[in-house]
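What follows is a short report on a single structure.
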Amino acid sequence: MLPVILSLFLAQTAPAYEARSTPADAAALLAPDAGEWDTATEVDWGPEPYRTRFRALWNKHGLHLRFDSEDDSPWFTMTERDDRLWEEEVVEIFLDPLGDGRYVEVELNPANVVCDLRRLGPGETASDPIGPMDRGFSVTGMQTAVATSDDRWIGTLYFPWEGLDLPVAPAPGAEIPFNVFRIKRPGGPDAPDEGAVFAAWSPTGSPSFHVPEAFRPLRLIP
């Protein structure tokens with residue numbers, strides 16, 4: 001019963017993230033200079049000099065996300081969709097739109113390459129804590145963009161509700177369990193594990209990001 005107790009405790013103590021509604025369309029919000037982003041609630045986490053900032057907006061069409069990743073030397077070598085991006089540098093979101101524990105995992109790297117999959121449930125042994133996954137799952141209609149500057153890279157994403165298996169838009173007040181993350185590997189491609197930073201917005205209490213009990217509500221507000 002411990003996971004259930006932990007989940008209830010976190011649900012009662014961890015604040016929700018409130019995503020405001022927006023009339024803007026996906027194409028406009030893929031641009032980091034879109035004025036609508038100034039209306040979104042911002043949260044940040046992680047160590048200096050690799051702080052990460054996250055914002056979200058929504059409308060009847062889908063969910064809009066933005067990650068600002070402080071970094072003067074982001075890198076990548078993987079360039080194909082659904083590559084094992086977590087082995088390099090990424091921002092990530094885990095999202096449980098159906099509330100059934102089969103959460104969607106989406107990763108975005110500095111080259112605007114995406115990996116999307118669905119986790120099907122917890123592992124059954126200590127050697128397999130993450131459990132099975134569906135690598136064939138895709139967020140249909142997803143759009144992404146990346147912009148870079150001297151001190152950061154900015155990733156923007158759009159998820160249509162139907163791409164998350166929701167045929168209609170959730171109503172205001174709906175809550176979707178989620179968490180967001182950042183992986184930074186200062187050692188570069190020659191030493192990716194040296195000094196690696198694994199930073200979670202909602203701490204998991206574990207080396208793994210895959211702790212659904214640490215998810216917080218993403219609350220849709222008008």
Side-chain angles (χ1 to χ4, degrees), residues 7 10-11 13-20 22 29-30 32 37 39-58 62-71 74 85-99 101-110 112-119 130 133 137 139 142-147 152-159 161 163-164 170 174-185 196-221:
S7 179
L10 289 168
T13 59
Y17 176 89
E18 293 189 333
R20 300 181 184 277
T22 176
L29 288 172
L30 287 176
W37 286 119
T39 71
T41 300
E42 182 179 270
V43 294
D44 67 287
W45 70 97
E48 298 290 354
Y50 305 120
R51 298 292 287 175
T52 308
R53 292 173 173 80
F54 170 81
R55 284 175 269 186
L57 296 164
W58 74 284
L63 184 64
H64 306 267
L65 311 173
R66 172 176 174 158
F67 292 85
D68 289 60
S69 301
E70 295 182 6
D71 194 342
L85 301 185
W86 59 88
E87 295 179 354
E88 296 189 344
E89 297 196 332
V90 291
V91 291
E92 304 183 35
I93 183 167
F94 294 175
L95 195 69
D96 188 356
L98 300 177
R102 298 182 304 123
Y103 58 92
V104 174
E105 175 180 345
V106 178
E107 308 185 15
L108 179 70
N109 80 357
N112 195 30
V113 179
V114 170
C115 174
D116 53 347
L117 53 92
R118 171 168 271 161
R119 297 290 175 177
I130 296 176
M133 61 182 172
F137 172 83
V139 180
M142 175 171 54
Q143 300 178 44
T144 67
V146 168
R152 70 190 59 212
W153 62 280
I154 300 172
T156 49
L157 307 93
Y158 167 65
F159 300 161
W161 294 122
L164 296 172
E175 295 184 345
I176 303 172
F178 87 116
N179 203 353
V180 283
F181 314 92
R182 164 93 176 277
I183 299 176
K184 170 62 186 174
R185 298 180 183 272
V197 175
F198 298 84
W201 169 60
S202 180
T204 65
S206 164
S208 174
F209 288 162
H210 294 274
V211 182
E213 292 81 11
F215 288 6
R216 300 188 192 183
L218 190 155
R219 182 180 299 137
L220 308 181
I221 64 173

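What you see below is based on every heavy atom in this structure, not just the backbone, and it leaves out hydrogens, waters and symmetry mates. Predicted model only: the values in this text are computed from it and were never measured.
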State, to 0.1 Å, how close [X] and [Y] come at their nearest heavy-atom pair, and which atoms those are.
{"X": "Trp153", "Y": "Pro74", "answer": "CD1-CB, 3.7 Å"}
{"X": "Phe54", "Y": "Val180", "answer": "CE1-CG1, 3.8 Å"}
{"X": "Tyr17", "Y": "Ala56", "answer": "OH-N, 2.8 Å"}
{"X": "Pro212", "Y": "Tyr103", "answer": "CG-CE2, 3.7 Å"}
{"X": "Ala214", "Y": "Asn179", "answer": "O-ND2, 4.2 Å"}
{"X": "Ala199", "Y": "Trp45", "answer": "O-NE1, 3.2 Å"}

Are the side chains of [X] and [Y] in touch, meaning some heavy atoms are under 4.5 Å apart?
{"X": "Leu157", "Y": "Leu108", "answer": "yes"}
{"X": "Arg119", "Y": "Glu105", "answer": "yes"}
{"X": "Asp44", "Y": "Thr52", "answer": "no"}
{"X": "Ile154", "Y": "Phe67", "answer": "no"}
{"X": "Arg152", "Y": "Asp71", "answer": "no"}
{"X": "Cys115", "Y": "Val106", "answer": "no"}
{"X": "Leu95", "Y": "Ile176", "answer": "yes"}
{"X": "Thr144", "Y": "Tyr158", "answer": "no"}

Item to complete: Determine, step by step, whether Arg216 and Ser202 satisfy the side chain to side chain donor-acceptor pair (under 3.5 Å) criterion, reporting the C-alpha distance in whole Å, the side-chain angles of both residues, the deciding distance to 0.1 Å, and the verdict.
Response: CA-CA 7 Å; Arg216 300 188 192 183; Ser202 180; 3.2 Å; yes
Please round to the nearest 0.5 Å and tell me the distance separating atom [atom1] of [X] and atom [atom2] of [Y].
{"X": "Leu164", "Y": "Leu98", "atom1": "CG", "atom2": "CG", "result": "8.5 Å"}
{"X": "Thr204", "Y": "Phe198", "atom1": "OG1", "atom2": "CZ", "result": "11.5 Å"}
{"X": "Thr156", "Y": "Asn112", "atom1": "OG1", "atom2": "CG", "result": "7.5 Å"}
{"X": "Glu107", "Y": "Leu117", "atom1": "CD", "atom2": "CG", "result": "7.0 Å"}
{"X": "Leu29", "Y": "Leu57", "atom1": "CG", "atom2": "CG", "result": "6.0 Å"}
{"X": "Trp58", "Y": "Thr22", "atom1": "CH2", "atom2": "OG1", "result": "11.0 Å"}

SB check [X] [Y] (cutoff 4.0 Å):
{"X": "Arg185", "Y": "Glu89", "result": "no"}
{"X": "Asp96", "Y": "Arg118", "result": "no"}
{"X": "Glu70", "Y": "Arg53", "result": "yes"}

Item to complete: Take Arg55 and Asp68, measure what salt bridge (charged side-chain N to carboxylate O under 4.0 Å, His left out) needs, and give me the verdict at the end.
Response: CA-CA 9 Å; Arg55 284 175 269 186; Asp68 289 60; 3.6 Å; yes
Worksheet item: Any chance the rings of Phe178 and Phe215 have centres within less than 6.0 Å?
Response: no
Practice prompt. State which residues pass side-chain contact (heavy atoms from CB on, under 4.5 Å) with Ala147; sequence neighbours excluded, sorted by chain then number.
Written response: Pro32
Response to the item:
Sorted by chain and number, sequence neighbours left out, ring-ring contact (aromatic ring centres under 6.0 Å, His included) with Phe181 holds for Phe94, Phe209
Discussion item. Between Met142 and Asp116, is the side chain to side chain contact (heavy atoms under 4.5 Å, CB included) condition met? List the steps.
Written reply: CA-CA 10 Å; Met142 175 171 54; Asp116 53 347; 3.6 Å; yes
Worksheet entry | Cation-pi geometry met for Arg182 and Trp201 (6.0 Å, 45°) | no
